[in-house]
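Worksheet: one structure, shown below.
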Amino acid sequence: MAETKREIERKYEAAAGTDVPDLTRVRDVATVADEGVVELDAVYHDTPDLRLAADSITLRRRTGGSDAGWHLKFPVAVGVRDEIRAPLSDTLPPDLAVLLRSRVRGGEVVPVVRLRSARDVRRLLDADGGLLAELSVDTVRARRLPKGPRASWTEIEVEAADDADPGILDAVEKQLRKAGVRPSDAPSKLARALAETAPEDARPDTAPPAAPGTAGAAVLAYVREQAEAIVALDPAVRRDLPDAVHQLRVACRRLRSALKTYRSVLDRNATDPLGDELKWLAGELGVARDQEVLAERLRGRLTDMPRPLRLGPVKARLRIWDTARTKDARRKAVAALDSDRYLALLDRLDALLADPPLREAAGRDAAKVLARAVRKDHARLAARVDRALSLAPGHERDLALHEARKAAKRTRYAADAARLSLGKPAKKFSKRVKKVQSLLGEHQDAVVARATLRDLAVQAHAAGETAFTWGLLYGREEAAADAAERELPEVWDRAVPL
């Protein structure tokens, strides 16, 4: 099984024979233990066109040292990466391969660089002998594979211990700078190796498909941003990281909304089929996200209810209900990411961006074209809100308000896509529409919660339990929906168009 380690480190330039300063002068460092030199041999793998390196992801098979094995690293922030480890084997472990699926697709990873390092290790310890950080002076020899150029350099690497205060890195850096040691320009050994062993005939940058400042350039930049988010969030969903399913679903919805809103820029004959596939993917992910939101809402309602009104094993019943549904929802989400249909969608998004179906409006001024499209979405939202408010309270009105909510989300996404072109007006408009969307979302959540509470009450009654608490919660959700409906006209009046 793969294990994950949060890696917080910094790298520094160093000449051969560089003397490391006295690190006992660093705050909290009492002693420095010299661990000697260890020989490391790592082969880094990537796709032939270096897709992993382009996203600052590293995959290596390393021998030597205390952590020999396969290491897959995902960037988290500057100087912070999640390292996922698997035992040493001849081939890429399946646990790691699946995390690369959205990038590798149907291809394969191959050896691209070999790094052999002589690592001179020092452990920085506090007064109690606890590990604060590890500093190493690495003498590196790199070779592009299979028989490409070579490079060599020396660097200093400082990594905070797992449970240590990351502030130790600032203190160590201060001492290193006093000794004339400066941070490295390269974010990783692999990045430096690839740069210094790059073939002379490396492919030059291609010209953008749309001129800067045009509607085509603005829309394609937004489409690319969301498409890249889908690819990047795929492994986060598989790792079950917090909020990953929600963020991936949002990226799908933002992209689908952009393709719909900006049909004057991108030909709908090419984008509508993509929109259908994005709707499918968001729907598969939505089961997990909707369950997460609903369970959190009901847990909160139960917690807020006075203890004397919580009759029967209500928390246990809610927990059992949530556990079963969450497991099924997650299985459904991962199955979608494992499907050939999903990979085909990613390939089609790449094809769209490589050869975008631009229409005549794509060559026009971005601000004018995008503002017109946002206003059109607002008019569509206005029609749905007016219709919903004209209906009597009840099921039909609930459905109409849900449709208005979806229109509000699309309008908000359209404004977000236009921010770079329209500036503050688009930002302010997005905030106003978000308030409408949030209120309509509160209404819809209350409607969905009522249906679930009714089911839980039926199950409790069938098991011989009292349904009293579920009935109280049902009533509170009814009140929440009514309050949202009463507040809507005022919030809507403030959502003036661009």
Side-chain angles (χ1 to χ4, degrees), residues 215-216 218-219 222-223 226 249-280 282-283 286 357 359-362 364-392 395-422 425-445 447 484-485 487-498:
V219 172
Y222 186 78
V223 168
Q226 304 311 316
R249 188 187 186 195
V250 167
C252 292
R253 287 180 161 179
R254 284 183 178 275
L255 180 48
R256 181 169 176 255
S257 292
L259 296 179
K260 283 189 171 185
T261 296
Y262 298 111
R263 284 171 172 168
S264 64
V265 177
L266 296 173
D267 188 350
R268 66 178 300 175
N269 290 322
T271 61
D272 279 359
L274 274 175
D276 292 340
E277 293 304 285
L278 288 166
K279 181 180 180 181
W280 160 76
R359 299 187 64 194
E360 183 180 350
R364 298 174 186 161
D365 179 70
K368 292 181 179 179
V369 174
L370 271 60
R372 187 181 304 115
V374 173
R375 285 194 291 268
K376 185 176 180 180
D377 271 0
H378 182 271
R380 179 171 171 271
L381 168 60
R384 292 197 179 185
V385 171
D386 290 344
R387 179 180 181 276
L389 292 177
S390 70
L391 297 172
H395 180 64
E396 289 300 319
R397 191 180 203 187
D398 290 343
L399 293 177
L401 288 169
H402 182 45
E403 291 301 311
R405 177 196 179 210
K406 291 190 287 187
K409 190 173 295 186
R410 172 172 161 178
T411 304
R412 174 189 156 211
Y413 291 162
D416 289 343
R419 280 190 182 186
L420 289 179
S421 301
L422 302 179
K427 182 178 181 179
K428 291 180 179 179
F429 175 71
S430 176
K431 287 184 177 180
R432 294 194 296 266
V433 175
K434 185 178 180 179
K435 291 180 180 179
V436 176
Q437 176 194 329
S438 297
L439 188 62
L440 291 170
E442 168 64 17
H443 180 273
Q444 177 63 15
D445 289 348
V447 171
E485 290 184 39
E487 189 179 351
L488 179 59
E490 181 180 351
V491 174
W492 171 242
D493 286 342
R494 293 197 293 267
V496 294
L498 280 170

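Small disclaimer: the values here were computed from a predicted structure and weren't measured.
Here the side chain of H378 pairs no donor or acceptor atom with the backbone of V433 at under 3.5 angstrom. In this structure a side-chain-to-backbone donor-acceptor pair under 3.5 Å is missing from R364 to A215. Judged by distance alone, the side chain of R387 and the main-chain N or O of A400 form no donor-acceptor pair under 3.5 Å.
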Q: Go through the steps for Q444 and R405 under the test side-chain hydrogen bond (donor to acceptor under 3.5 Å, both in side chains), then give the verdict.
A: CA-CA 8 Å; Q444 177 63 15; R405 177 196 179 210; 5.7 Å; no
(Q) Assess the residue pair L381 and W492 against the criterion (side chain to side chain contact (heavy atoms under 4.5 Å, CB included)); give the C-alpha distance rounded to whole Å, side-chain angles, the decisive distance to 0.1 Å, and a yes or no. (A) CA-CA 10 Å; L381 168 60; W492 171 242; 3.6 Å; yes
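Partner E403 forms a salt bridge (charged side-chain N to carboxylate O under 4.0 Å, His left out) with one of R410, R384, R380 and no other, that one being R384.
Counting heavy atoms from C-beta on, the side chains of T411 and F429 come closer than 4.5 Å. Residues R254 and R412 have side chains in contact (heavy-atom distance under 4.5 Å, counting atoms from C-beta outward).
By the 4.0 Å N-to-carboxylate-O rule, R263 lies close enough to D272 to be salt-bridged with it. Ion pairing between R397 and E485 holds under the 4.0 Å rule for side-chain N and carboxylate O.
The line from CD of Q226 to CG of L278 is 10.5 Å long, rounded to the nearest 0.5 Å. Rounding to the nearest 0.5 angstrom, the gap separating the CZ atom in R372 from the CG atom in L370 is 10.0 Å.
Partners of K279 by side-chain contact (heavy atoms from CB on, under 4.5 Å), not counting sequence neighbours, listed by chain and number: R256.
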